Amino acid sequence: DGGITQSPKYLFRKEGQNVTLSCEQNLNHDAMYWYRQDPGQGLRLIYYSQIVNDFQKGDIAEGYSVSREKKESFPLTVTSAQKNPTAFYLCASTPGQGQETQYFGPGTRLLVL
Amino acid sequence: AQSVTQPDIHITVSEGASLELRCNYSYGATPYLFWYVQSPGQGLQLLLKYFSGDTLVQGIKGFEAEFKRSQSSFNLRKPSVHWSDAAEYFCAVGPSNDYKLSFGAGTTVTVRA
């Protein structure tokens with residue numbers, strides 16, 4: 001079945017540690033996105049990528065980094081510079097032909113120890 | 001800039017009763033509009049979308065939404081709610097030929113027996 005997978009489901013970060021969240025899609029979509037979800041704030045865009053080897057900052061990119069070396073993969077690193085990383089992180093993708101439906105993965109919950 | 005307002009943070013409805021969730025958007029041109037549903041700890045699932053044409057849009061799970069340009073609204077409705085409809089609902093708006101969506105803060109729906 002085609003879809004988006006995110007791993008791990010839960011992730012724990014220690015102070016000063018970088019952690020990486022995985023997002024993989026087998027939909028052959030060009031565009032991929034990372035969102036952060038906090039209670040009562042909806043979804044906020046962290047980074048997005050329209051094509052391999054290219055990505056743009058979203059609304060809250062500080063403290064995060066991404067790479068897009070392969071079409072199917074868009075990992076997100078939460079760096080030690082992100083002082084409030086506890087949130088639910090969602091990855092999404094679209095075919096990339098314009099404004100289209102975004103398909104979401106199941107999410108990763110990041111907690112700080 | 002585009003934005004979305006969902007005025008109701010939390011709605012409680014009896015099983016079998018009708019449901020209406022409000023969504024107001026701000027955008028200069030004709031927007032692309034979406035409603036998504038999220039069960040606890042899960043990703044987002046598309047309920048329906050409006051791009052153009054008929055302003056009354058039918059979606060999955062018996063939901064429908066009506067685009068009203070004069071009121072900048074895209075309210076979601078369901079005639080008879082089932083207990084499984086308890087979830088969080090997000091309205092989203094995006095401009096044409098752009099990859100970015102703006103999400104509302106969400107409305108949590110509780111269904112009582």
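Labels below follow one simple rule: chain letters A, B, ... track the order of the sequence lines, proteins then strands, and each chain is numbered from 1. A quick note: this is a predicted structure, and the numbers were derived from the prediction, not measured.
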Measure Leu44(B) against the heavy atoms of chain A and call it side chain, backbone, both or neither at under 4.5 Å. both
Taking the side chain as every heavy atom from C-beta outward, state whether Glu15(B) and His82(B) have any atom pair closer than 4.5 Å. yes
Under 4.5 Å to a heavy atom of chain B? For Gln56(A) that would be neither
Give the member of Lys49(B), Gln38(B), Gln45(B), Glu88(B) that has the highest number of heavy-atom pairs under 4.5 Å with chain A. Gln38(B)
Please flag which part of Leu45(A) lies under 4.5 Å from any non-hydrogen atom of chain B: side chain, backbone, both or neither. side chain
Quick one: does any side-chain atom of Asp30(A) pair with a main-chain N or O of Ile51(A) as donor and acceptor, under 3.5 Å? no
Could you tell me which portion of Asp38(A) (side chain, backbone, both or neither) has an atom closer than 4.5 angstrom to a non-hydrogen atom of chain B? neither
Between Ser7(A) and Thr108(A), is any pair of side-chain heavy atoms under 4.5 Å apart? no
For Arg68(A) and Lys71(A), which heavy atoms make the closest approach, and how far apart are they? NH2-O, 2.7 Å
So, applying ring pair (Phe, Tyr, Trp, His ring centres under 6.0 Å) with Phe104(A), which one of Phe90(B), Tyr36(B), Phe34(B) is it? Tyr36(B)
